[in-house]
Amino acid sequence: MSDAGRPLLLQNGKISDPALAPALAERFEVIFPDGLTDENAAHVRAIVSGGGHKVDEALLARLPALEIISNFGVGYDSVNVPAAVARNVIVTHTPGVLDEEVADLTLALLLATVRQLPQADRYVREGRWPSGPFPLTSSLRGRTVGLIGLGRIGLAIARRLEAFGTPVLYHSRNARSDVAYRHYPDLVEMARAADILVCIVPGGAQTRHLVNAPVLEALGGQGILINVARGSVVDEAALIAALRAGVIHAAGLDVFEQEPNVPQALRDLENVVLLPHVGSGTFATRAAMGRLVVENLDAWFAGHPVLTPVPECAQLAARRAG
Ligand code: A2R
């Protein structure tokens, strides 16, 4: 316990939900990484993580009283979950509440890339229209989308694509029994069959550079890559080379390998649409994520089962609740 009698919580990273800070302050004594000392580190019982800030082995080793990490976001690749589980620390995340929002953004980015909407906007702003019409663009008509990942968000994207009359394929480790979309265990094979690839898998070591030079070559010269997952899923150097050489046609990216730094080489290309990781970035959805972060903490400190443990923690969460 802290001096004020409330548990000590470390907020690791800037969280973009304005309601979260007051909700945490009501329940916890909140400290930030720059206020972490050897003395108070010994009493930290909870972490709220997010914004890509790492919760690594070194940080966990400083926090012997830590019980729970409540991650603001569905992706938790910035948290070293095995190290947390080894210390009996529960990790929760915010699945489900952002699926539709991220799927909306994905379709917006996909259409913006296919139809070159930011380029067309620049064309008008720069006063170039009077000197001639905007060049014709590629089309979503008659094209097939290969989803890399068909989980909660992938399914929400697939539903939207159906409304657009766009056939859907998917790659994942396991085929789903509840969908009619064709499953490709081999990503290169799916890239050959698809015109557009959309990445919506978790980040981390297992999916690092899943999209590499051979996948981009298989996608081909009219191909388009959309990444709304994690920057680490795509080999950015291979992507830049492919975009420059016309190995693929274009890319729409919401995530990058070294966020918030985007390589100048990407920014110099005309055939890319670049967004600053805004997939779930609306007031309503960030508020829903913030509420789930707090609900998980409330459940834990009331001695109830947490609501949304990450899958790797499900057993630990059940054991601690039992
Ligand atoms: O592989 P499976 O059968 O577990 O299918 C999951 C797939 N997936 C992978 N596919 C290929 N290679 C892998 N190493 C791999 N690991 C996972 O990604 C499943 O189809 C999908 C993940 O679905 P969910 O767990 O429901 O995640 P959700 O909520 O759709 O979010 C996906 C990611 C987040 O982790 C953030 O990084 C990003 O979207 O916002």
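In this text, all values refer to a predicted model and were calculated from it rather than measured experimentally.
- Looking at residues two or more places apart in sequence or on another chain, you find no side chain to side chain donor-acceptor pair (under 3.5 Å) involving Q222.
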>> For a salt bridge (charged side-chain N to carboxylate O under 4.0 Å, His left out) check, start with the C-alpha distance between E29 and R6, then their side-chain angles and the critical distance, and finish with the verdict.
In response: CA-CA 6 Å; E29 187 187 338; R6 289 171 297 165; 5.9 Å; no
>> Checking D235 against V211 for the side chain to side chain contact (heavy atoms under 4.5 Å, CB included) test, could you report, in this order, the C-alpha distance in whole Å, the side-chain angles of both residues, the deciding distance, and whether it holds?
In response: CA-CA 6 Å; D235 179 343; V211 176; over 6 Å; no
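- Taking the centre of each ring, Y170 and H183 come in below the 6.0 Å mark.
- In this structure, N40 contributes its side chain and G35 its backbone to a donor-acceptor pair below 3.5 Å.
- Among all heavy-atom pairs drawn from G151 and R176, the shortest one is CA-NH1, 3.9 Å.
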>> Before you tell me yes or no, could you show the steps for R291 and D17 under salt bridge (charged side-chain N to carboxylate O under 4.0 Å, His left out), namely the whole-Å CA-CA distance, both residues' side-chain angles and the distance that decides it to 0.1 Å?
In response: CA-CA 9 Å; R291 282 195 295 276; D17 165 27; over 6 Å; no
>> Using salt bridge (charged side-chain N to carboxylate O under 4.0 Å, His left out), reason through E270 and R122 one step at a time and then give a plain yes or no.
In response: CA-CA 11 Å; E270 257 304 299; R122 288 199 289 273; 3.4 Å; yes
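- Not one N or O on the side chain of Q11 forms a donor-acceptor pair closer than 3.5 Å with the backbone of I31.
- D298 places a side-chain heavy atom less than 4.5 Å from the side chain of R27.
- The side-chain heavy atoms of R87 and L60, taken from C-beta on, include a pair separated by under 4.5 Å.
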>> side chain to side chain contact (heavy atoms under 4.5 Å, CB included) for I47 and L63? Distances and angles first, verdict last.
In response: CA-CA 10 Å; I47 292 180; L63 310 175; 3.6 Å; yes
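- In this structure, the side chains of I248 and L239 come closer than 4.5 Å at one or more pairs of heavy atoms.
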> Yes or no on side chain to side chain contact (heavy atoms under 4.5 Å, CB included) for L297 and F28, after CA distance, side-chain angles and deciding distance?
Replying inline: CA-CA 10 Å; L297 292 167; F28 300 95; 3.9 Å; yes
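- No side-chain N or O of E101 forms a donor-acceptor pair with one of S280 less than 3.5 Å apart.
- Side chains of N71 and S49: a donor-acceptor N/O pair is present below 3.5 angstrom, by distance only.
- Tracing side-chain contacts under 4.5 Å through hydrophobic residues (I, L, V, M, F, W, Y), one never reaches L110 starting from L169; they form parts of separate clusters.
- Using a 3.5 Å distance cut-off with no hydrogens or angles, the side chains of S232 and R208 do not pair a donor with an acceptor.
- Proximity of a side-chain donor or acceptor of E236 to a complementary backbone N or O of E257 within less than 3.5 Å is detected.
- Taken from CG in L107 to CG in L161, the straight-line distance is 5.0 Å, to the nearest 0.5 Å.
- Looking only at side-chain heavy atoms (C-beta outward), H277 and F256 stay at 4.5 Å or farther from each other.
- Annotation: the span from I90 atom CD1 to C313 atom SG amounts to 5.5 Å, rounded to 0.5 Å.
- At a threshold of 4.5 Å between non-hydrogen side-chain atoms, the residues L253 and L275 do not count as touching.
- A donor-acceptor distance shorter than 3.5 angstrom exists from the side chain of H171 to the backbone of Y184, with no hydrogens or angles considered.
- Judged purely by atom type and a 3.5 angstrom limit, T94 has no side-chain atom pairing as donor or acceptor with the backbone of M289.
- Note that CD of Q116 and OH of Y123 are 11.5 Å apart. Values are rounded to the nearest 0.5 Å.
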> Should R267 and L274 be marked as a side chain to side chain contact (heavy atoms under 4.5 Å, CB included) after you check the CA-CA gap, both sets of side-chain angles, and the distance that decides it?
Replying inline: CA-CA 8 Å; R267 290 153 62 186; L274 307 173; 4.0 Å; yes
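- With contacts defined as side-chain heavy-atom distances shorter than 4.5 Å, the pair L210/N212 does not qualify.
- For the pair T113 (side chain) and V273 (backbone), a donor-acceptor distance under 3.5 Å is absent.
- A distance of 10.5 Å separates CD1 in I196 from CG in L225, rounded to the nearest 0.5 Å.
- Counting heavy atoms from C-beta on, the side chains of H53 and S78 never come closer than 4.5 Å.
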>> E100 vs R152, test: salt bridge (charged side-chain N to carboxylate O under 4.0 Å, His left out). Steps then yes/no.
In response: CA-CA 9 Å; E100 306 300 327; R152 289 169 293 251; over 6 Å; no
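- Following chains of ILVMFWY side-chain contacts shorter than 4.5 Å, one cannot reach V262 starting from V228, and the two form parts of different hydrophobic clusters.
- When side chains are defined from C-beta on, L150 counts as touching V179, because their heavy atoms get closer than 4.5 Å.
- Of all heavy-atom pairs between T37 and R62, the closest is C-NH2, 3.8 Å.
- Put simply, L187 and V168 are part of two different groups of oily side chains (I, L, V, M, F, W, Y) that touch within less than 4.5 Å, one to the next.
- Applying the ring-ring contact (aromatic ring centres under 6.0 Å, His included) test to residues at least two apart or on different chains, none of the pairs has a partner in residues 231-250.
- The backbone N or O of E162 sits nowhere less than 3.5 Å from a side-chain atom of T166 that would complete a donor-acceptor pair.
- When all heavy atoms are compared, the tightest approach of N227 to C199 is OD1-CB, 3.3 Å.
- Side chain of D99 to main chain of A156: no donor-acceptor pair is present (N/O by atom type, distance under 3.5 Å, no hydrogens or angles).
- Evaluation of the side chain to side chain donor-acceptor pair (under 3.5 Å) test over residues 130-149, restricted to residues two or more places apart or in two chains, returns R115-T137.
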> Please walk me through it: do H93 and Y76 pass ring-ring contact (aromatic ring centres under 6.0 Å, His included)?
Replying inline: CA-CA 7 Å; H93 63 150; Y76 49 91; 5.2 Å; yes
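- The two atoms that bring G203 and V233 nearest to each other are CA-CG2, 4.4 Å, heavy atoms only.
- Contact check on K54 versus D56 returns no salt bridge, with no Lys/Arg side-chain nitrogen under 4.0 Å from an Asp/Glu carboxylate oxygen.
- Distance check, rounded to the nearest 0.5 Å: CG of N12 to CG of L36 gives 9.0 Å.
- Using a distance-only test at 3.5 Å, with no hydrogens or angles considered, a donor-acceptor pair links the side chain of N296 to the main chain of T308.
- The same ILVMFWY cluster, assembled from side-chain heavy atoms under 4.5 Å apart, contains both L219 and V215.
- In the hydrophobic clustering of this structure, I153 groups with F72; members are Ile, Leu, Val, Met, Phe, Trp, Tyr whose side-chain heavy atoms approach within less than 4.5 Å, directly or through other members.
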